[in-house]
There are 2 protein chains.
Amino acid sequence: MFPEFETYLKEQESLSNDDIDMMRVKSIEKTLRRKEILVHQGEVCRYKIFVTKGLLRSYTTREDGSEHIMHFSPENTWFTDPESFANAAPSNYTIEALENSEVILWTKNDLRYLVNSIPGLKAYFDALIYKAGTTLRHRIHSAISSTTEEKYEEFIKKHADIYARVPLHMIASYLGVTRETLSRIRRAYTIGK
Amino acid sequence: MFPEFETYLKEQESLSNDDIDMMRVKSIEKTLRRKEILVHQGEVCRYKIFVTKGLLRSYTTREDGSEHIMHFSPENTWFTDPESFANAAPSNYTIEALENSEVILWTKNDLRYLVNSIPGLKAYFDALIYKAGTTLRHRIHSAISSTTEEKYEEFIKKHADIYARVPLHMIASYLGVTRETLSRIRRAYTIGK
DNA sequence: AAATAAAAAGGAGAAATGTCCTTGTCTCGT
DNA sequence: ACGAGACAAGGACATTTCTCCTTTTTATTT
């Protein structure tokens, strides 16, 4: 579990073995079964998460029972609820494993310590935050300006890996439409080649 | 123009007069008339912008001529196109003054120099980026999970200042619906008190 | 102050989406 | 390997939104 993380991180950022060891000491390894929930809506998301294997999602449930998926996080990605994690506030989201997964966790305090101790780690996370911001802005622009068909088409192009691994109704939920609408879009889309 | 900025910034972050002077030296003051465009779609957004007076917006224009508003930036807020600014890439957005406005500009190089020279400035911008991220995530969640009426209601509550200053068709554009739809929502909303 | 432009509301029909339902297939867990 | 549950597709109808249009009101400019 940690070896996969080590391999990945060394590709991303040049870190010494000592640096990696510091991160290992503070890390918590966890195995999740499919459908297992890591953070329940209303709980504090105490961890920054690195997914070494499998796939997580975060979603909210409204009063009427409808689910709305905020994010998919496959292997070799970082994940958390930033608002809950940063402020130790109850999370609006449920974080669930969609496949049998393996994750590494760090608490906020430990992560702060690591960022202060390991040169380059702050810059690494800053770059990730910048990229995440780009993605968020793009998703907003798409939400307000694209047709459902365009959103679907972009999703399967940009997230072919996720598309192949999650049920369609979750893609519909991520895009903000019902599964029936997505089904209609797909019909028209496949016929139109 | 700069005095307003100085007043604002000193409230936000404890900076020495020397720090402020450094920022002043690198700053570019600019006055914009209503409807004047600061960055055209396709141009590089070379500046990080602080609005001391007035109101800016960023928007895209699609092939069919429809406009989609990404952001409103009133006085005492920072603004730029992060993707264009960071990478010196052509911007997808047009940045336009909606009122006669006054802005202060810094280039990327100058800002990098300032952030490296002024203690606390990096942390200040980091905090702004975090808050912006929270806003973006909230807007996405709203886009995929709220009804148009809920989006409208939230907008006028959270952005009462903007609501009072921009035409309704721009709010519709920001929310991702046509002005006719917004008009209908408002009718139902006002009747339902 | 008058002339011009912009903004808002509303109507009517078309298109898209949501809702509720059934059916057939697939998949997962035991 | 089997059975229960999840998933996908599609039909039918209701609702929402879009599109195109006119009319009235409000702002802006000269």
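In what follows, every chain begins at residue 1, and chains take the letters A, B, ... in the order their sequences are listed. Atoms considered below: every heavy atom in the structure, side chains included; atoms not considered: hydrogens, waters and symmetry mates.
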- Query: In terms of the angle between their ring planes, are B:Phe2 and B:Phe5 parallel, tilted or perpendicular, with boundaries placed at 30° and 60°?
  - Reply: perpendicular
- Atom CZ of A:Arg33 to atom P of C:dC28: distance rounded to whole Å? 15 Å
- Item | Nearest-Å distance for atom pair CZ/P, residues A:Arg179 and C:dC20 | 11 Å
- Message: Below 30° counts as parallel, above 60° as perpendicular, anything between as tilted: where do the rings of B:Tyr152 and B:Tyr163 land?
- Response: perpendicular
- Note on the structure: Reading nucleotides 11-18 of chain C from 5' to 3' and marking B where a protein heavy atom lies under 4.0 Å of the base, S where only the sugar-phosphate is that close, and - otherwise, the string is SB----BB
- Query: Is there a donor in the side chain of A:Thr60 and an acceptor in the side chain of A:Asn92, or the other way round, less than 3.5 Å apart?
  - Reply: no
- Query: What orientation do B:His141 and A:His68 show, parallel under 30°, tilted 30 to 60°, or perpendicular over 60°?
  - Reply: perpendicular
- Are B:Phe72 and B:Tyr174 close enough that their ring centers fall under 6.0 Å? yes
- Measure from the side-chain heavy atoms of A:Arg34 and tell me the nearest of C:dA8, D:dA9, C:dC28. C:dC28
- Spacing of A:Met170 atom CE relative to D:dA6 atom P, expressed in whole Å: 11 Å
- Taken to the nearest whole Å, CG/A:Leu168 to P/D:dG10 is 12 Å
- Task: Would you kindly give the NZ-to-C1' distance between B:Lys35 and C:dA5, to the nearest whole Å?
- Result: 8 Å
- Measure the acute angle between the ring planes of A:Trp106 and A:Trp78, then classify it against the limits of 30° and 60° as parallel, tilted or perpendicular. tilted
- A:Leu98 CG to D:dA6 P: how many Å, rounded? 14 Å
- Check the distance between D:dA9's P and A:Tyr152's OH and give it to me in whole angstrom. 8 Å
- d(NE2, B:His169; C1', D:dT17) in whole Å: 19 Å
